[in-house]
Amino acid sequence: MLRTPLEALKTQAQVAMRAHEKVERSHALENVLLGVDRATRLVEQLLILATVDPEATFSHYQQVDLNLLASEIITDLAPMARAKKIKLALKSNGVCTVLGEHTQLSLLLRNVIDNAIRYTPAGGSVDVTTSHTDGVKLQVRDTGIGIAQAEREQVLKRFYRISGNGETGCGLGLSIVKRIAELHEAQLTMSENQAGGGLLVSVIWKKP
């Protein structure tokens with residue numbers, strides 16, 4: 001998993017060392033920096049997977065306020081959205097709490113919202129909504145490139161990446177979301193965002 005990005009880093013470093021022209025050297029060093037970013041993200045995601053793979057137990061669960069959690073994560077990711085001139089908003093339909101592990105639910109939300117921002121073109125929008133009609137529902141709508149229906153099951157598998165989207169990544173984000181949803185007995189679905197195109201990701205906790 002790590003061998004390919006590290007080999008690419010080594011190659012670019014060797015190119016920079018051999019380069020005689022300043023432009024060629026600068027280009028190679030830029031590629032090294034990009035490679036470091038990709039490798040760092042891969043390691044971070046692998047560490048996250050290690051924390052959510054063991055079976056969670058109810059003894060570690062507590063009531064988690066999804067509105068408060070979403071608000072905190074949106075605040076953290078707001079600079080990323082502003083850099084792309086993306087409108088990032090939270091719409092709440094009342095108090096929404098679920099029984100769960102706070103850190104894992106934070107990772108779930110962060111990965112879904114981060115993905116939505118990454119795959120939404122500049123000037124688009126990402127809307128996070130919560131509701132508690134017939135259970136608790138968390139939804140993230142974006143006006144991005146969407147995911148073809150034929151690939152929606154594939155993107156939930158580890159290391160699967162959609163080709164040709166122009167974004168770097170390691171293909172772990174949605175597999176982490178799926179794992180956390182399973183541990184919390186929640187249903188994860190993906191569909192087309194009927195309001196403006198793009199993707200609609202829903203995490204649903206049914207009433208007991």
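Since the model is a prediction, treat every value here as computed from it, not as a measurement.
- Listed by first and then second residue, the salt bridge (charged side-chain N to carboxylate O under 4.0 Å, His left out) pairs that reach into residues 13-25 come to none, sequence neighbours excluded.
- Take Asp65 and apply the salt bridge (charged side-chain N to carboxylate O under 4.0 Å, His left out) test, not counting sequence neighbours, and it matches no residue.
- Side-chain contact between Thr130 and Asn93 is absent, with no heavy atoms from C-beta onward closer than 4.5 Å.
- To the nearest 0.5 Å, the span separating NZ on Lys137 from NE2 on His132 amounts to 12.5 Å.
- Closest non-hydrogen pair, Lys84 versus Tyr119, comes out as NZ-N, 4.5 Å.
- Within the model, atoms CG of Leu68 and OG of Ser92 stand 11.0 Å from one another, a figure rounded to the nearest 0.5 Å.
- Ser131 places no side-chain N or O within donor-acceptor distance of the main-chain N or O of Thr133, the cut-off being under 3.5 Å.
- Taking CZ of Arg118 as the start and CG of Asn111 as the end, the distance is 9.5 Å to the nearest 0.5 Å.
- Closest non-hydrogen pair, Val95 versus Asn67, comes out as CA-ND2, 4.0 Å.
- You'll find the side chain of Thr97 stays beyond 4.5 Å of the side chain of Leu66, heavy atoms only.
- With sequence neighbours excluded, the residues forming a side-chain contact (heavy atoms from CB on, under 4.5 Å) with Thr120 are Ile86, Val126, Asp142, Thr143, listed by chain and number.
- Side-chain contact check for His184 versus Trp205: some heavy-atom pair is nearer than 4.5 Å.
- When all heavy atoms of Pro121 and Gly144 are compared, the pair lying nearest together is CD-CA, 3.6 Å.
- Applying the side-chain contact (heavy atoms from CB on, under 4.5 Å) test between Leu108 and each of Ile176, Leu69, Leu138, Thr103 identifies Leu138 as the sole match.
- The CD atom of Gln104 lies 6.0 Å from the OH atom of Tyr61; values are rounded to the nearest 0.5 Å.
- Taking the side-chain contact (heavy atoms from CB on, under 4.5 Å) definition, one finds that Ser71 meets it with Leu90, sequence neighbours left out.
- Considering only heavy atoms from C-beta on, Leu88 comes within 4.5 Å of Ile113 through its side chain.
- Checked against side-chain contact (heavy atoms from CB on, under 4.5 Å), Lys91 has the following partners two or more places apart in sequence or in another chain: Asp127, Thr129.
- The shortest heavy-atom contact between Ile180 and Leu107 is CD1-CB, 3.8 Å.
- The nearest pair of heavy atoms linking Gly100 to Val64 is O-CG2, 3.7 Å.
- Across every non-hydrogen atom of Leu199 and Ser191, the tightest pair is CD1-O, 3.5 Å.
- Val140 and Met80 end up in the same hydrophobic cluster when Ile, Leu, Val, Met, Phe, Trp and Tyr side chains are linked at under 4.5 Å.
- By the side-chain contact (heavy atoms from CB on, under 4.5 Å) test, Ser202 pairs with Gln139, Thr189, Leu200, Ile204, sequence neighbours left out.
- Leu183 is connected to Leu99 through a chain of hydrophobic side-chain contacts under 4.5 Å among Ile, Leu, Val, Met, Phe, Trp and Tyr, so both are in one cluster.
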Evaluation steps, side chain to side chain contact (heavy atoms under 4.5 Å, CB included), between Arg141 and Val128 = CA-CA 6 Å; Arg141 294 175 172 83; Val128 183; over 6 Å; no
